[in-house]
Protein chains: 2
Amino acid sequence: MSEIEIFLIAKKVRPTAMRILVFRSLANKRAAMTLSELEALFEKSDRTTLYRTIKTFEEYGIVHPIHDGNGIPKYALCEEGCDCAAHNDLHLHFHCNQCEETVCLTDHKIPQINLPRGYTTEDVNLIVNGKCVKCSSD
Amino acid sequence: MSEIEIFLIAKKVRPTAMRILVFRSLANKRAAMTLSELEALFEKSDRTTLYRTIKTFEEYGIVHPIHDGNGIPKYALCEEGCDCAAHNDLHLHFHCNQCEETVCLTDHKIPQINLPRGYTTEDVNLIVNGKCVKCSSD
DNA sequence: CGATTAATGCACTTCCATTGCATTGATGTC
DNA sequence: GACATCAATGCAATGGAAGTGCATTAATCG
Ligand SMILES: [Mn+2]
Ligand SMILES: [Mn+2]
Ligand SMILES: [Zn+2]
Ligand SMILES: [Zn+2]
C-alpha cells in the first residue's frame with residue numbers, strides 16, 4: 001500500500017484511484033491549483049468527480065481553499081494538524097501578479113490582529129500580492 | 001449641484017443619475033455590497049449599467065472591491081486619497097460569519113508583512129472572519 | 001440646431017459551481 | 001462466489017454571475 005493510500009485512510013477517506021491521483025498532483029506541485037488546472041492534468045477526467053474529490057478533501061482536512069482575489073478558488077494541501085473539525089492554515093498566502101501562481105508560505109504565520117471592541121475572530125486570511133522569486137529576476 | 005455631483009466631477013467621472021444613485025447607496029450603507037445587492041435596491045435597473053458603473057468607479061478610485069472569500073466580490077467606497085493611479089486601501093476588512101456583512105475597518109491598517117528573500121510586495125489583503133458587534137450579542 | 005461622444009439597455013456568450021440521477025465499483029455477509 | 005448494501009463516479013442539466021457587442025438614448029460642444 002502506498003504512502004498516499006495510508007495517509008488517506010488515516011484521514012478516513014477511501015483511497016480511490018482518482019483521489020490518489022489528485023493528491024499526488026497537489027503534492028508534486030508547489031503552487032496551489034484551481035479545479036480547471038487539475039482537470040487539465042488528466043486526459044480523461046470528469047469535472048464533477050474532481051469537484052467532489054476536492055470537497056471531500058476539504059471536509060476531511062486534506063486540502064484548504066485559497067481565495068487569492070482572482071475569482072476562482074485554488075487548492076493546496078493542508079499543513080499537518082488539519083482535520084475535519086478545524087482547518088489549521090493560519091499562514092500567509094502569496095499570489096504573484098506576473099506568473100499568477102499562488103503559494104502557501106507555511107513558515108510565515110499570520111500576525112495577531114487587533115479588532116474593535118465587540119468583534120470576535122474566527123479565522124484570518126492574509127494574501128500578499130506581488131512578484132515571486134522566479135519572476136523577480138525579470 | 002449636490003455634494004455627490006461635485007465629488008464625482010472632481011474624480012473626473014460624469015455624474016449621471018445612476019452613478020449618483022449608486023454612490024449614495026454605498027455611502028448610506030456601512031457594509032460593502034455585491035452587484036446583486038445593489039441591483040436589488042433599485043426598481044428598474046439594468047445589471048450591465050450597474051456593472052459598468054462599478055468598473056468606472058473602481059478605475060477612478062471611488063470604490064474598491066473586497067474579496068472576502070465568499071466568491072462574489074463586494075464593493076465599498078474608497079478612503080480619501082485613492083485615485084486612478086493607485087488605490088489606497090491598506091486597511092483591514094472584516095467579514096461576519098453570521099450576518100454575512102463585510103465592512104471596512106479603515107482605522108485598522110495592515111501590519112508590515114515579512115516575506116522570504118526574493119519576493120516583493122505590491123498589495124496586501126487582510127480579511128478577518130468572525131462575529132461583528134451586532135451579532136456578538138447573540 | 002446639428003454633430004460628436006458618452007452612457008445606457010438589451011441580447012447573448014462564457015465560465016464555473018452545484019445538483020439529480022442512473023451507473024459502476026467496492027465491501028462485507030452468507 | 002453470489003448477493004445486498006453503500007460509496008464513488010459519470011453524464012446531463014441548472015443556475016448565478018461576469019463579460020461583450022451593438023443599437024439606442026442622453027449629454028455636450030461648436
Ligand atoms: Mn495555504
Ligand atoms: Mn475597504
Ligand atoms: Zn511569479
Ligand atoms: Zn454580523
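Everything numeric in this text was worked out from a predicted model, so none of it was measured.
On the nucleic acid side, DNA chain D contacts chain A at distances under 4.0 Å to non-hydrogen atoms, with the end points of that region at D/dA7 to D/dA12. For DNA chain C, the contact window with chain A, defined by any atom under 4.0 Å from a protein heavy atom, covers C/dC16 to C/dT27 in 5' to 3' order.
Within the 4.5 Å cutoff, the side chain of A/Glu101 has heavy atoms near those of the A/Arg30 side chain. Looking at heavy atoms from C-beta onward, A/Leu8 lies out of side-chain contact with A/Tyr60 at the 4.5 angstrom threshold. Using a 4.5 Å heavy-atom threshold, the side chains of B/Val133 and A/Pro116 count as separate. Considering only heavy atoms from C-beta on, B/Cys135 stays 4.5 Å or farther from B/Asn97 through its side chain. Counting only heavy atoms from C-beta outward, the side chains of A/His64 and A/Cys104 approach each other to under 4.5 Å. Using a 4.5 Å heavy-atom cutoff, the side chains of A/Leu50 and A/Phe42 are in contact. Here the side chains of B/His95 and B/Glu100 are in contact, with some heavy-atom distance below 4.5 Å. In this structure, the side chains of B/Leu92 and A/Ile113 come closer than 4.5 Å at one or more pairs of heavy atoms.
Put simply, the side chain of A/Thr102 never gets that close to the backbone of A/Ala32: no donor and acceptor are under 3.5 Å apart.
Applying the salt bridge (Lys or Arg N to Asp or Glu O under 4.0 Å) definition to pairs two or more places apart or across chains, those involving residues 103-121 of chain B are B/Glu79-B/Lys109. Residue pairs meeting the salt bridge (Lys or Arg N to Asp or Glu O under 4.0 Å) criterion with at least one partner in residues 55-77 of chain A, sequence neighbours excluded, are A/Lys55-A/Glu58, A/Asp68-A/Lys74.
Residues from residues 57-71 of chain A lying near DNA chain D, meaning a heavy-atom separation below 4.0 Å, are absent. Taking every heavy atom of residues 44-52 of chain B and every atom of DNA chain D, pairs under 4.0 Å involve B/Arg47, B/Thr48, B/Tyr51, B/Arg52, by number. Within residues 12-29 of chain B, the residues approaching DNA chain D are B/Arg14, by heavy-atom distance under 4.0 Å.
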Tabulate below the donor-acceptor pairs under 3.5 Å that side-chain atoms of residues 19-29 of chain A make, not counting sequence neighbours, or state none.
residue	atom	partner	partner atom	Å
A/Arg19	NH1	A/Arg14	O	2.9
A/Ser25	OG	A/Leu21	O	2.8
A/Asn28	ND2	A/Arg24	O	3.4

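For A/Asn125, there are no side-chain hydrogen bond (donor to acceptor under 3.5 Å, both in side chains) partners, not counting sequence neighbours. Qualifying side-chain hydrogen bond (donor to acceptor under 3.5 Å, both in side chains) partners for B/Asp46, counting only residues two or more places apart in sequence or in other chains: B/Thr48. Every residue was checked against the ring-ring contact (aromatic ring centres under 6.0 Å, His included) condition with A/His67, not counting sequence neighbours, and none meets it.
The pair A/Arg47-A/Glu39 counts as a salt bridge, with a side-chain nitrogen and a carboxylate oxygen less than 4.0 angstrom apart.
Here the closest non-hydrogen pair linking B/Asn114 and A/His108 is O-CD2, 2.9 Å.
From one end of the helix from C/dC1-D/dG30 to C/dC30-D/dG1 to the other, with five pairs defining each end axis, the axis direction shifts by 20° (rounded to 10°).
Contacts of B/Ser36 with the nucleic acid, taken as non-hydrogen atoms under 4.0 Å apart, involve only primed sugar atoms and P, OP1 or OP2.
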